[in-house]
Amino acid sequence: MQHCKLISYAIARPGVILLMLAMLSGSTHVYAQDSSKPKPWYENITVNGFLSSSYSYNFNKPDARKNQLRVFDVEDNSFNVDVVELSIKKDAATPGEAGFRFDLTAGSSIPRVARSSGLNIGDLDLQQMFVTYIAPVGKGLRFDFGKFVTHLGYEVIEGYDGYNDNESRSFLFGYAIAFTHTGVRASYPLSDNVTASLMLVNGWDNSIDNNRSKSIGGQIAVTPVQGMSLIANAMYGPERDRNNSDNRTILDFVGTCAVSDLVTLGLNVDYGTEQHAAASGKNAVWKGAAAYIRLNLLDQFSLSLRLEQFEDRDGVRTGIAQRLRGLTITPEYRPAEHFILRGDFRIDDSNKSVFVKRGELTNVQSTVSMNAICVL
């Protein structure tokens, strides 16, 4: 009886049935088109942002209102917009794909210090700008062509895809290694746990080479177990202006280990030499180590500690032959997604009187700073 009613309804109202069939047919057709049609190129591009602002106070009250031997946190008793970063990129993930990355930074500290020679545009910096191609070789041989941040060191030039546990940067970050390189970089996954990289670049922080020779760099990154990373880095080549023969060598080791959800440990060791760079004409040597511990005490609160020592035996990196030591404590509070508040208490010590205190020189410098970060 029910079937008879449906048949009668269909005969009496054929237009309704036809409309329903048309809608069903049309929706199926649209779905098939969407599932097979490739996405427009612009939908594969991502835009991210990063902003860091800070205030620093030096208990030595230096006359010039400058923190000595610091990298980005140089200004004393001043509010600063450290950096604003805009990053535009298209990722390349599989063999045969191409992509790019473009990072534009502006601000009163980071762009001034980290920019490369030959690319001076005031308080702006093109921190990274490279194109990527993954060649269909084995698991995929990745090539990056352009300017990119260095592979050396534990700490990074902060941006949307990574920031350090401490607000201030270590002596190793500032004086043992480079900030960026310009050239070509190749990387290949040797296995699920090992990746190797090799690069040929202008040198340290040179968008335009300052001599006729190039520098080579390499990296082996190993993740032996989940939560542990071991990275060995090296770089070799002449770096001084119009000098093609006196080579600079840097050996760099970085290790991290997530002991648990509560504790993460880190280690950075550097050893550098440069031929005939010392005032005596002998080879210059610098070396150092930094240890890190991060405690995730609460869901929104962490505490980080850094201990470090840097020895500039011949004074070629800091301007004076000395041994530097530092202790940094950084509380971090995350009140909302994408928003971080950090403090930073730091004590620097040297075996020489290199820090200014009310017009005189002393061997100790203490600072405190506040830092706000927005990551998008």
Side-chain angles (χ1 to χ4, degrees), residues 46 48 50 87 89 91-95 97 99 101 128 132 134-135 137-144 148-167 169-170 172-173 177 185-199 217-235 251-270 288-308 328-334 337-340 342 373 375-376:
T46 58
N48 296 94
F50 177 86
S87 179
K89 68 174 182 175
D91 288 326
T94 59
E97 285 190 340
R101 177 161 178 171
Q128 293 194 103
T132 298
I134 301 182
V137 177
K139 299 179 181 180
L141 178 60
R142 178 188 176 106
F143 290 97
D144 296 316
F148 33 82
V149 297
T150 187
H151 59 300
L152 303 166
Y154 180 91
E155 299 178 24
V156 298
I157 303 176
E158 295 177 334
Y160 87 92
D161 53 356
Y163 64 91
N164 301 304
D165 292 336
N166 301 106
E167 190 269 331
R169 306 316 195 280
S170 68
L172 273 67
F173 175 87
I177 62 174
R185 175 176 61 188
S187 58
Y188 186 81
L190 300 177
S191 69
D192 292 339
N193 300 321
V194 181
T195 300
S197 300
L198 187 67
M199 65 179 66
Q219 180 185 86
I220 296 291
V222 182
T223 54
V225 294
Q226 185 177 0
M228 178 179 288
S229 173
L230 303 175
I231 303 174
N233 299 306
M235 197 144 198
L251 302 176
D252 172 80
F253 171 79
V254 175
T256 60
C257 179
V259 179
S260 65
D261 293 338
L262 175 66
V263 181
T264 300
L265 303 176
L267 177 67
N268 187 194
V269 179
D270 285 314
Y292 305 80
I293 180 170
R294 179 181 175 91
L295 303 176
N296 299 311
L297 302 176
L298 299 170
D299 290 342
Q300 294 177 299
F301 181 79
S302 300
L303 186 67
S304 297
L305 173 70
R306 177 179 64 208
L307 292 168
E308 61 174 318
T328 308
I329 301 174
T330 304
E332 177 183 303
Y333 176 55
R334 300 173 292 278
E337 188 178 10
H338 308 302
F339 183 57
I340 302 102
R342 297 187 296 181
I373 290 176
V375 184
L376 298 173

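Residue indices begin at 1 and follow the sequence shown.
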Next on the checklist: I'd like to know whether E332 forms a side chain to side chain contact (heavy atoms under 4.5 Å, CB included) with E167, so could you lay out the CA-CA distance, the side-chain angles of the two residues, the decisive distance to 0.1 Å, and finally the verdict.
Outcome noted: CA-CA 9 Å; E332 177 183 303; E167 190 269 331; over 6 Å; no

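- Of all the heavy atoms in P189 and G140, the pair that sits closest is CD-O, 3.6 Å.
- Within the 4.5 Å cutoff, side-chain heavy atoms of V263 are placed close to those of L295.
- Shortest non-hydrogen contact noted between I177 and F173 is CG1-O, 3.7 Å.
- Taking CG of L190 as the reference point, atom OG1 of T195 lies at 7.0 Å (rounded to 0.5 Å).
- A donor-acceptor pair is defined here as one N or O able to donate and one able to accept, closer than 3.5 Å; no such pair exists between the side chain of N48 and the backbone of S87.
- A distance of 13.5 Å separates NE2 of H338 from CZ of F50, quoted to the nearest 0.5 Å.
- With respect to the salt-bridge test (charged N to carboxylate O, under 4.0 angstrom), the residues R101 and D161 qualify.
- With E155 contributing its side chain and S170 its backbone, the two residues share a donor-acceptor pair below 3.5 Å.
- Between D165 and Y154, the closest heavy-atom pair is OD2-OH, 4.2 Å.
- The nearest pair of heavy atoms linking S197 to S187 is OG-CB, 3.3 Å.
- If you check the side chains of T264 and R294, you find no donor sitting under 3.5 Å from an acceptor.
- At least one donor-acceptor pair under 3.5 Å links the side chain of R334 to the backbone N or O of D299.
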Next on the checklist: Working note: L267 + T256, criterion side chain to side chain contact (heavy atoms under 4.5 Å, CB included); need CA distance, chi angles, decisive distance, verdict.
Outcome noted: CA-CA 7 Å; L267 177 67; T256 60; over 6 Å; no

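- No donor-acceptor pair closer than 3.5 Å links the side chain of E97 to the backbone N or O of I134.
- The structure places CG of L230 at 11.0 Å from CG of N193, a figure rounded to the nearest 0.5 Å.
- Residues L303 and I329 form a side-chain contact, since some pair of their non-hydrogen atoms from C-beta on lies under 4.5 Å apart.
- If you check the side chains of D252 and N268, you find a donor sitting under 3.5 Å from an acceptor.
- Listed here is the closest heavy atom pair of R169 and V156: NE-O, 3.7 Å.
- Note: C257 SG to I293 CD1 = 11.0 Å, rounded to the nearest 0.5 Å.
- Here the straight-line distance linking atom CG of N164 with atom CD1 of I157 works out to 10.0 Å at 0.5 Å rounding.
- Side chains of H151 and R185 form no contact here, defined as non-hydrogen atoms less than 4.5 Å apart.
- Once rounded to the nearest 0.5 Å, the distance linking OG1 of T132 with NZ of K89 reads 10.0 Å.
- The closest side-chain donor-acceptor pair between S304 and N166, if any, does not fall under 3.5 angstrom.
- Among all heavy-atom pairs drawn from A221 and I231, the shortest one is CB-CG1, 4.1 Å.
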